[in-house]
There are 2 protein chains.
Amino acid sequence: MVLSKTSPQLQREEFDITAWDMDNCPVRDVIDRIAGKWSTLLLEALAIRPYRFGELRRLIPDISQRMLTQTLRDLQRDGYIEREVFPTKPPSVEYRMTDLGRSLFEPLSKVLRWAEANHADVKAARERYDASELA
Amino acid sequence: MVLSKTSPQLQREEFDITAWDMDNCPVRDVIDRIAGKWSTLLLEALAIRPYRFGELRRLIPDISQRMLTQTLRDLQRDGYIEREVFPTKPPSVEYRMTDLGRSLFEPLSKVLRWAEANHADVKAARERYDASELA
DNA sequence: TAGCGCTAGTCTCTTTTTGAGACCAACACT
DNA sequence: AGTGTTGGTCTCAAAAAGAGACTAGCGCTA
């Protein structure tokens, strides 16, 4: 509760605000990680089928090996994907989505589809904004 | 289409891949912006009601003024929010969600609610991962 | 058998992004 | 006259991300 002690009346808008509890906010804790530049892209891929490291690299040509490793580990840490090493030579590693990951991807995919459907509107908004900036 | 000319057979997995068209991908173009650290948080606030700049600053104490300005401008540019200046002294500025923003927030809010509902599972997964890392 | 490529990474260095904080101008209130 | 309020911008430091070299063991080929 962040309500100022000097304002005894409960203002509705401030009441809404204080419901958030910034420091222990589940939404921020979870979203901050899946909101990474590459996270949704990788979740989208692994929602289709499991992929090996190198496959993902070829699938997303402009991700650096460094960020691919790191993002995969973050997703694994939060329980969205699993990592399995196969004892081939050289050893290969497969990544696959977990049940938790699939559960997340269900609502997430709706946002992705919204993005596809409304891409034109967003681009139009950008052009309007940029044009009005020339002033 | 990125299929190698040296592999004439259509492999199913590669076919899935090539549907993406990395360079002109609507999903990436739209998601990359709302995936910013502060974007969803601001959308969440402005979905409730319009806010003034300073109110948002107080509402999200750990955002820097610089990033608040920048994120609000990005959201405005993509057409999710509007900015209105009132000729008070000193002038105040109000930000409010547009219809496009509300349209986006509908599926987005489902992800946010998923985050709330599954926060415990994610935290548990993290602890399991961190524990297994000690090896 | 020497050379090359494949695997999934790590390590280092540079560039980009973000954060912290000072500063601004005009007006209201004390 | 001094202080606070508005919504920013500017500069500099810190953190994150990108680019590219490097690793090791094995298979294939010349």
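Throughout, a chain's letter reflects where its sequence line sits, starting with A, and its residues are numbered from 1. Keep in mind it's a predicted model, so treat the numbers as computed, not measured.
Straight-line distance from the CG atom of A:L72 to the P atom of C:dA8: 11 Å, rounded to whole Å. If you measure from atom CD of A:E84 to atom P of C:dT7, you get 18 Å, rounded to the nearest angstrom.
Follow the hydrophobic side-chain contacts under 4.5 Å out from A:I81 and you never reach A:F86; the two are in separate clusters.
Side-chain contact check for A:W38 versus B:R28: some heavy-atom pair is nearer than 4.5 Å. Contact of the A:V122 side chain with the B:Y80 side chain is registered, since non-hydrogen atoms from C-beta on lie closer than 4.5 Å.
Scored by the salt bridge (charged side-chain N to carboxylate O under 4.0 Å, His left out) test, B:R126 finds A:D29, A:D78 as partners (sequence neighbours excluded).
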Which atom pairs, one a donor and one an acceptor, fall under 3.5 Å between side chains of residues 65-73 of chain A and the rest of the protein, sequence neighbours left out?
residue, atom, partner, partner atom, Å
A:T69, OG1, A:Q65, O, 2.9
A:T71, OG1, A:M67, O, 2.7

Name the atoms and distances for all side-chain donor-acceptor pairs under 3.5 Å in residues 104-111 of chain B, with sequence neighbours left out.
residue, atom, partner, partner atom, Å
B:S109, OG, B:F105, O, 3.2
B:S109, OG, B:E106, O, 2.8
B:S109, OG, B:R113, NH2, 3.3

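Contact between B:S39 and B:R33 at its shortest, heavy atoms only, is OG-O, 3.1 Å. For the pair B:L100 and B:G79, the tightest heavy-atom approach, listed with the atom from each and the gap, is CB-O, 3.6 Å.
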How does each nucleotide of nucleotides 24-30 of chain C score, in 5' to 3' order, for protein heavy atoms under 4.0 Å: base (B), sugar-phosphate only (S), or none (-)? ---S---

Just the table, please: protein N/O against nucleotides 17-21 of chain C N/O, every pair under 3.5 Å.
residue, atom, partner, partner atom, Å
C:dG19, OP1, B:K37, NZ, 3.1
C:dG19, OP2, B:W38, NE1, 3.2
C:dG19, N7, B:R66, NH1, 3.3

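For the pair A:R57 and A:F53, the cation-pi test (distance below 6.0 Å, angle within 45°) is failed.
Using a 4.0 Å cut-off, no side-chain N or O of A:R58 falls inside it from OP1 or OP2 of C:dA8.
The span of DNA chain D lying next to chain B, judged by atoms under 4.0 Å from heavy atoms, is bounded 5' to 3' by D:dT5 to D:dT11.
Residue contacts for A:F86: at a heavy-atom cut-off of 4.0 Å it reaches no nucleic acid atom on any strand shown. Counting any heavy atom pair closer than 4.0 Å across all strands shown, B:R57 reaches no nucleic acid atom.
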side-chain contact (heavy atoms from CB on, under 4.5 Å) between A:D62 and A:I60, intermediate numbers included: CA-CA 6 Å; A:D62 56 341; A:I60 307 169; 3.7 Å; yes

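In summary, B:R102 and B:D99 engage in a salt bridge, as defined by a charged side-chain N under 4.0 Å from a carboxylate O.
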